[in-house]
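Chain naming here is simple, since letters A, B, ... match the order of the sequence lines and numbering starts at 1 in each. Computed from a prediction, not measured in an experiment: that's the story for all the values here.
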Amino acid sequence: MRTDRWPSTEAEAIEVQQRLRHRVELTGPDVSAARTVAGLDVDYNGDRIVAAVVVLDAETLDVVETSVADGDTAFPYVPGLFAFREIPTLIAALDGLDATPEALVCDGQGLAHPRRFGLACHLGLLTGLPTIGVAKTPLGRYDMPAAQRGSRSPLVDDGDEVGAALRTRDGVKPVFVSVGHRTDLDSACALTLRLTPSYRLPETTRLADQLCRGESASLSDQWVR
DNA sequence: GCGACAG
DNA sequence: ATCTTGTCGC
């Protein structure tokens with residue numbers, strides 16, 4: 001998949017978001033019933049990044065396939081334009097898969113974004129796949145949900161409900177779930193709960209994080225000598 | 001002017 | 001994201 005003609009200025013990047021945001025689809029196949037789900041994450045190494053994709057069997061949570069790719073940091077870090085840093089390398093990692101997963105779980109926001117077009121939305125549009133965003137910190141306001149796993153409360157930004165604060169573990173800080181593309185918030189939360197039998201973050205995200213960290217460390221030679 | 005700001 | 005030890009708890 002091509003990600004050429006990448007924006008080089010903030011103004012261009014914002015234009016891209018404004019142009020694409022209206023193509024996000026808020027309905028689709030029930031993502032919580034997907035048979036295979038992929039998690040994506042990246043590790044930063046100066047001006048280089050390593051991206052990892054881990055595909056799991058959604059029923060057993062066994063690893064089906066993995067892929068890694070490394071590349072340049074494609075854009076400076078600007079809040080709201082975060083996706084432009086990571087997407088080219090994430091796409092390269094996705095291109096390395098043998099089989100296309102039925103849904104993607106992104107490490108960041110989807111609709112919970114100032115222009116309603118976070119990383120998960122962007123990656124959804126570029127791949128055409130159903131995507132959700134599961135972020136560790138919120139973008140928007142929320143009331144703390146009840147302490148029990150499964151409890152949720154609306155994540156609100158500028159008067160819009162853009163996602164949910166969702167407890168994935170009793171008494172542990174919630175995660176922040178939002179729709180990326182071709183799904184709805186209830187399905188996104190249901191999928192997130194399926195992927196969190198043991199930890200706060202989805203297994204997909206945890207395993208992708210481990211994979212790109214390990215790959216990144218071996219590339220930078222830190223453990224030799 | 002000051003604080004906030006996904007990763 | 002990263003700089004950073006030990007400690008408490010399941």
Open item on the list: Taking salt bridge (charged side-chain N to carboxylate O under 4.0 Å, His left out) as the criterion, tell me which of Arg116(A), Arg141(A), Arg115(A) meets it with Asp157(A).
Closed with: Arg116(A)
Task: Rounded interatomic separation in angstrom, taking CG from Asn45(A) and P from dG7(B) - done: 19 Å
TODO: Identify whether any heavy atom of Leu81(A) sits under 4.0 Å from a base atom; if not, whether one sits that close to sugar-phosphate; answer base, sugar-phosphate or nothing.
DONE: base
Task: Stepwise ring-ring contact (aromatic ring centres under 6.0 Å, His included) test for Phe84(A) and His122(A) - done: CA-CA 9 Å; Phe84(A) 292 92; His122(A) 205 148; 5.2 Å; yes
Task: Length of the line joining Leu40(A):CG and dG7(B):C1', which is rounded to integer Å - done: 14 Å
Task: Aromatic-base stack, Tyr77(A) on dG7(B), cutoff 5.5 Å, angle under 30 - done: yes
Open item on the list: Quick check on the 6.0 Å ring-centre criterion: do Tyr142(A) and Phe176(A) meet it?
Closed with: yes
Task: Minimum-distance nucleotide (side-chain atoms of Asp43(A) versus dA6(B), dG7(B), dT2(C)) - done: dT2(C)
Task: Ion pair check, Asp72(A) and Arg85(A), cut-off under 4.0 Å - done: no
Open item on the list: With a 4.0 Å cutoff (strictly under), does any side-chain N or O of Thr137(A) reach OP1 or OP2 of dC5(B)?
Closed with: no
Open item on the list: Regarding Arg213(A), tell me which of base, sugar-phosphate or nothing describes its non-hydrogen contacts under 4.0 Å with the strands shown.
Closed with: sugar-phosphate
Task: Sugar-phosphate only, base, or nothing, as touched by Gly80(A) at under 4.0 Å among non-hydrogen atoms - done: base
TODO: Rounded to the nearest angstrom, tell me the gap between atom CZ in Phe176(A) and atom C1' in dA6(B).
DONE: 11 Å
